[in-house]
Amino acid sequence: MLRDKVRTKTYFNAIRHNRHIFKDKVVLDVGCGTGILSLFAANAGAKKVIGVESSDIADSAKQIVLDNKKDHIITIIKGKLEDLEHLPGDIDSVDIIVSEFMGYNLFLESMAETVIYARDKWLKPGGLIFPDKCLFFIVGVWDRIRKAEIFDAWNNFTVRGTRHNETDGVDDLVLDLSDIRKVLLRRPLIYQVREKQLTTEPCLLYTLNMKTVSHSDLRCIEMPFSLYSLHHKLERTTCLCHLLHRPLYPHIQTRGVFNISMGPHYPLETICIFSRQNHPHLPEW
């Protein structure tokens with residue numbers, strides 16, 4: 001997250017501009033990583049911040065908290081949040097949950113279910129979640145160069161031989177490894193997409209409301225959708241579908257809404273995923 005300046009800045013602004021909400025509150029940072037969101041909350045006036053992180057980066061987070069002299073406010077816990085029976089001290093509930101839970105394509109490697117668990121177990125009635133809503137878009141994309149690099153190269157895979165001396169010939173072995181395409185087409189493809197590569201209008205596919213979503217809601221999401229072609233980009237319009245997500249930051253009382261877009265209008269921050277798995281109606285690329 002730290003290298004994603006747009007995302008980090010948006011979290012910072014959403015918390016900083018709502019100091020009145022964080023002041024003297026108890027905050028739970030789910031999947032705290034380096035503890036950056038915990039530090040933001042502490043600097044915004046939180047009375048107590050609890051960061052939970054299951055990976056070894058939790059050890060660095062503890063040191064970072066000490067280095068920034070916030071150890072009297074922030075407590076870092078190393079371990080899975082689902083394994084916690086109690087929060088430290090005499091805390092039995094929290095006022096705010098903050099988390100950078102959005103994975104690629106919103107749900108891939110996402111921590112949304114962990115946030116839901118924390119919400120149901122520890123968030124006070126009327127408590128807040130940062131972010132509280134995510135909008136999930138789908139859009140058609142065509143990328144001729146990417147197709148050639150990733151998929152077409154397997155049709156005639158060439159292994160170049162080397163010459164041991166001047167009298168030796170050089171034998172090249174050409175193999176047909178095209179079956180690998182089937183494997184690649186079932187896997188997510190994650191890379192940056194620019195606006196000029198879009199071939200359809202974006203379509204809002206799903207809205208994730210972190211205040212109301214349940215675990216069962218995330219087990220299977222089926223949603224009909226229609227994509228409308230951009231008339232000046234008709235070539236291969238239907239050949240590829242990419243999925244984008246655009247997290248929407250909290251509707252906070254009087255201080256407005258903070259947004260972060262992962263869409264192609266912000267090409268340096270775009271994250272896209274393509275997979276034909278469970279979508280047999282999509283044509284071969």
Side-chain angles (χ1 to χ4, degrees), residues 1-2 4 7-8 10-103 109-134 208-215 218 247 249-250 252-253 258:
M1 174 181 167
L2 293 178
D4 189 335
R7 187 177 297 204
T8 301
T10 304
Y11 271 97
F12 175 66
N13 285 332
I15 294 172
R16 180 172 64 93
H17 290 299
N18 289 287
R19 294 189 188 94
H20 62 294
I21 291 174
F22 282 82
K23 184 174 175 55
D24 297 328
K25 295 297 193 298
V26 178
V27 179
L28 176 62
D29 183 357
V30 177
C32 67
T34 60
I36 186 69
L37 298 187
S38 295
L39 289 169
F40 290 169
N43 279 282
K47 175 176 63 176
K48 182 66 179 178
V49 182
I50 303 161
V52 183
E53 173 60 46
S54 61
S55 72
D56 288 340
I57 196 66
D59 298 324
S60 295
K62 292 177 181 179
Q63 186 59 50
I64 289 171
V65 169
L66 287 170
D67 293 343
N68 287 274
K69 299 179 175 58
K70 294 296 181 182
D71 52 301
H72 61 294
I73 298 175
I74 302 173
T75 299
I76 302 295
I77 300 173
K78 184 177 181 180
K80 290 187 62 176
L81 185 139
E82 291 86 349
D83 293 338
L84 288 181
E85 295 184 4
H86 306 285
L87 296 176
D90 57 353
I91 297 173
D92 56 9
S93 62
V94 301
D95 302 290
I96 301 172
I97 292 175
V98 297
S99 179
E100 203 282 301
F101 65 85
M102 297 84 68
E109 299 179 4
S110 167
M111 291 188 61
E113 293 211 45
T114 303
V115 174
I116 293 171
Y117 179 89
R119 177 200 69 191
D120 293 345
K121 187 167 185 177
W122 286 304
L123 188 64
K124 290 180 179 178
L128 299 174
I129 301 176
F130 282 63
D132 69 339
K133 188 179 292 185
C134 297
L208 177 67
N209 188 332
M210 293 305 297
K211 295 295 293 292
T212 59
V213 68
S214 66
H215 291 287
L218 299 181
Y249 284 76
I252 300 296
Q253 296 179 5
F258 292 87

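- Nearest heavy-atom pair across I76 and A58 is CG2-O, 3.8 Å.
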Under 3.5 Å, sequence neighbours excluded: what are the donor-acceptor pairs made by side chains of residues 64-74?
| unit_1 | atom_1 | unit_2 | atom_2 | d |
| --- | --- | --- | --- | --- |
| D67 | OD1 | Q63 | NE2 | 2.8 |
| N68 | ND2 | I64 | O | 2.8 |

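- Side-chain contact between R19 and I21: absent, with no pair of heavy atoms (C-beta onward) separated by less than 4.5 Å.
- For residues 40-50, the set of pairs meeting the side chain to side chain donor-acceptor pair (under 3.5 Å) definition, not counting sequence neighbours, comprises K48-T75.
- Considering every non-hydrogen atom in both L87 and I91, the closest pair reads CB-O, 3.6 Å.
- When the ring-ring contact (aromatic ring centres under 6.0 Å, His included) test is applied to F12, the partners found at least two apart in sequence or on another chain are F40.
- Counting only residues at least two apart or on different chains, the side chain to side chain donor-acceptor pair (under 3.5 Å) pairs with a member in residues 78-89 are D56-K78, D59-K78, E82-T114.
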Review point. Hey, mind stepping through I50 and W122 against side-chain contact (heavy atoms from CB on, under 4.5 Å) and telling me if it holds?
Key: CA-CA 12 Å; I50 303 161; W122 286 304; over 6 Å; no
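- A salt bridge (charged side-chain N to carboxylate O under 4.0 Å, His left out) check over residues 117-126, counting only residues at least two apart or in different chains, returns the pairs D95-K124.
- The CG atom of L81 sits 13.0 Å away from the CD atom of E113 when rounded to the nearest 0.5 Å.
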For residues 23-33, tabulate all N or O donor-acceptor pairs below 3.5 Å that involve a side-chain atom, not counting sequence neighbours.
| unit_1 | atom_1 | unit_2 | atom_2 | d |
| --- | --- | --- | --- | --- |
| D29 | OD2 | S38 | N | 3.2 |
| D29 | OD2 | S38 | OG | 2.8 |

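- Legend: residues meeting side chain to side chain contact (heavy atoms under 4.5 Å, CB included) with S55, ordered by chain and number and at least two apart, are E53, I57.
- Side-chain contact between P131 and M102 is present, with heavy atoms from C-beta onward closer than 4.5 Å.
- The distance from atom CG of L37 to atom CZ of F130, rounded to the nearest 0.5 Å, is 11.0 Å.
- The minimum heavy-atom distance between I15 and A44, with the atom names listed, is CG2-CB, 3.7 Å.
- Residues P88 and I77 come closest through the heavy atom pair CD-CD1, 3.7 Å.
- The shortest non-hydrogen separation linking S99 to Y11 is O-OH, 2.8 Å.
- Residues A61 and G35 come closest through the heavy atom pair CB-N, 4.1 Å.
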